[in-house]
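Beneath this line is the structure, given in structure tokens, with notes to follow.
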Amino acid sequence: MEPVRDDPPGKSDPTGRGRRLWLAAAGAIAVGESGWVRALAPPPTILSASTEPRGELPVPAVGSRLALGDVPLLDGTTLGAADRSGKVTVIYWWASWCPFCAEQSPLMESLWREQRLRGMLVLGLSIDRSAEIAAAHLKRKRYTFPSAWLSPALAARLAKPKGLPVTVVVGPDDAVLRAESGQMFDDDVAALAAFLRPG
């Protein structure tokens with residue numbers, strides 16, 4: 001039997017025979033201390049853009065429905081259907097440890113302060129480990145937009161889509177108007193006001 005090459009052949013191996021032997025040895029088998037021949041671990045699976053890891057949902061499609069139901073907020077109140085009646089709701093999944101959220105959260109606070117009297121509601125959904133961590137972060141940063149902690153019960157209805165932060169705009173009829181996974185910048189967040197009725 002011909003010995004297997006220790007390194008992949010280069011230009012000195014015009015037939016490519018040595019390369020095939022090297023690849024066979026490097027990618028197919030390995031001999032353990034016991035002398036048993038075993039298969040090497042397969043290469044990691046590369047997910048395509050259309051494949052989501054288990055447990056992660058895609059952002060909702062524009063035009064789909066996203067019913068919020070009653071949402072218990074961190075301040076002890078509940079955001080219900082009457083509070084959202086006739087309003088455009090911006091749902092914002094965030095976390096205190098997320099560096100991209102640290103950039104976007106001040107913009108969401110500005111959006112809330114500037115547009116709430118025109119009928120826009122910003123609803124933050126924290127994915128922190130506990131409600132206490134989320135509440136302390138909001139207090140420290142002086143954010144006033146309504147926020148809830150994504151408890152297991154709430155996550156059953158409003159599970160976080162893939163990515164962080166995630167921003168979804170829902171109309172008064174619960175129809176999704178826009179959905180973004182990843183950080184939004186100044187102009188992107190300001191443009192969300194365009195979903196409000198003129199006036």
Side-chain angles (χ1 to χ4, degrees), residues 52 55-131 133-135 137-138 141-197:
E52 301 294 339
E56 298 246 76
L57 302 173
V59 293
V62 171
S64 64
R65 302 274 173 185
L66 184 59
L68 297 180
D70 290 342
V71 179
L73 301 177
L74 287 166
D75 64 5
T77 63
T78 298
L79 185 71
D83 302 303
R84 295 190 307 275
S85 179
K87 296 181 179 177
V88 171
T89 304
V90 180
I91 308 168
Y92 171 56
W93 285 265
W94 63 275
S96 62
W97 45 261
C98 165
F100 307 107
C101 304
E103 297 289 334
Q104 185 171 328
S105 290
L107 304 177
M108 302 305 283
E109 175 68 15
S110 296
L111 181 72
W112 161 243
R113 290 177 183 261
E114 293 166 8
Q115 304 299 336
R116 62 183 172 178
L117 295 180
R118 292 186 58 212
M120 178 165 276
L121 176 66
V122 173
L123 172 62
L125 295 175
S126 165
I127 66 163
D128 280 297
R129 281 180 322 199
S130 70
I133 292 172
H137 179 77
L138 291 173
K141 294 293 186 177
R142 299 183 181 178
Y143 295 144
T144 62
F145 56 85
S147 278
W149 176 62
L150 202 64
S151 65
L154 188 56
R157 290 190 284 118
L158 297 171
K160 183 191 78 65
K162 181 182 178 182
L164 196 68
V166 177
T167 309
V168 175
V169 183
V170 178
D173 59 352
D174 292 338
V176 174
L177 304 174
R178 182 170 176 182
E180 295 288 338
S181 177
Q183 183 180 351
M184 295 178 72
F185 299 95
D186 304 53
D187 292 344
D188 304 315
V189 172
L192 299 181
F195 291 106
L196 292 168
R197 286 184 225 145

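Bear in mind that the values here come from a model prediction, so they are computed numbers and not experimental data.
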Take atom [atom1] in [X]; do more than 12 heavy atoms of anything else shown fall under 6.0 Å from it?
{"X": "Arg129", "atom1": "CZ", "result": "no"}
{"X": "Tyr143", "atom1": "OH", "result": "yes"}
{"X": "Asp173", "atom1": "CG", "result": "yes"}

Looking at [Y], is its backbone amide N or carbonyl O close enough to the side chain of [X] to form a donor-acceptor pair, meaning the two atoms are under 3.5 Å apart?
{"X": "Arg84", "Y": "Gly69", "answer": "yes"}
{"X": "Thr78", "Y": "Asp70", "answer": "no"}
{"X": "Ser110", "Y": "Pro106", "answer": "yes"}
{"X": "Gln183", "Y": "Pro165", "answer": "no"}

Nearest 0.5 Å, please: how far is [atom2] in [Y] from [atom1] in [X]?
{"X": "Arg118", "Y": "Lys87", "atom1": "CZ", "atom2": "NZ", "value": "13.5 Å"}
{"X": "Leu73", "Y": "Leu125", "atom1": "CG", "atom2": "CG", "value": "9.5 Å"}
{"X": "Asp186", "Y": "Gln104", "atom1": "CG", "atom2": "CD", "value": "10.0 Å"}
{"X": "Leu107", "Y": "Phe185", "atom1": "CG", "atom2": "CZ", "value": "9.5 Å"}
{"X": "Leu57", "Y": "Lys160", "atom1": "CG", "atom2": "NZ", "value": "9.0 Å"}
{"X": "Leu154", "Y": "Ile127", "atom1": "CG", "atom2": "CD1", "value": "12.5 Å"}

Would you indicate whether the side-chain heavy atoms of [Y] and [X] approach each other to under 4.5 Å?
{"X": "Val59", "Y": "Lys162", "answer": "no"}
{"X": "Leu111", "Y": "Val122", "answer": "yes"}
{"X": "Pro146", "Y": "Trp112", "answer": "yes"}
{"X": "Asp188", "Y": "Glu180", "answer": "no"}

Which pair of heavy atoms, one from [X] and one from [Y], lies closest together, and at what distance?
{"X": "Ala135", "Y": "Leu74", "answer": "N-CD1, 4.1 Å"}
{"X": "Leu123", "Y": "Thr89", "answer": "CB-CG2, 4.3 Å"}
{"X": "Val71", "Y": "Leu68", "answer": "CG2-O, 3.9 Å"}
{"X": "Ala67", "Y": "Leu158", "answer": "O-CD2, 4.2 Å"}
{"X": "Pro58", "Y": "Pro161", "answer": "O-CB, 3.8 Å"}
{"X": "Arg142", "Y": "Arg113", "answer": "O-NH2, 3.9 Å"}

- prompt: Among side-chain atoms of Ser96 and Asp128, is any donor-acceptor pair under 3.5 angstrom?
  reply: yes
query: In terms of side-chain heavy atoms, does Tyr92 have a donor or acceptor partner in Ser147 at a distance below 3.5 Å?
result: no
query: Passes side-chain contact (heavy atoms from CB on, under 4.5 Å), Thr167 versus Leu192? Steps please.
result: CA-CA 10 Å; Thr167 309; Leu192 299 181; 4.2 Å; yes
message: Exactly one of Asp174, Val169, Ile91 should register a side chain to side chain contact (heavy atoms under 4.5 Å, CB included) with Leu66. Which one does?
response: Ile91
field: Qualifying residue, where the test is ring-ring contact (aromatic ring centres under 6.0 Å, His included) with His137 and the options are Trp149, Trp97, Trp94
entry: Trp94
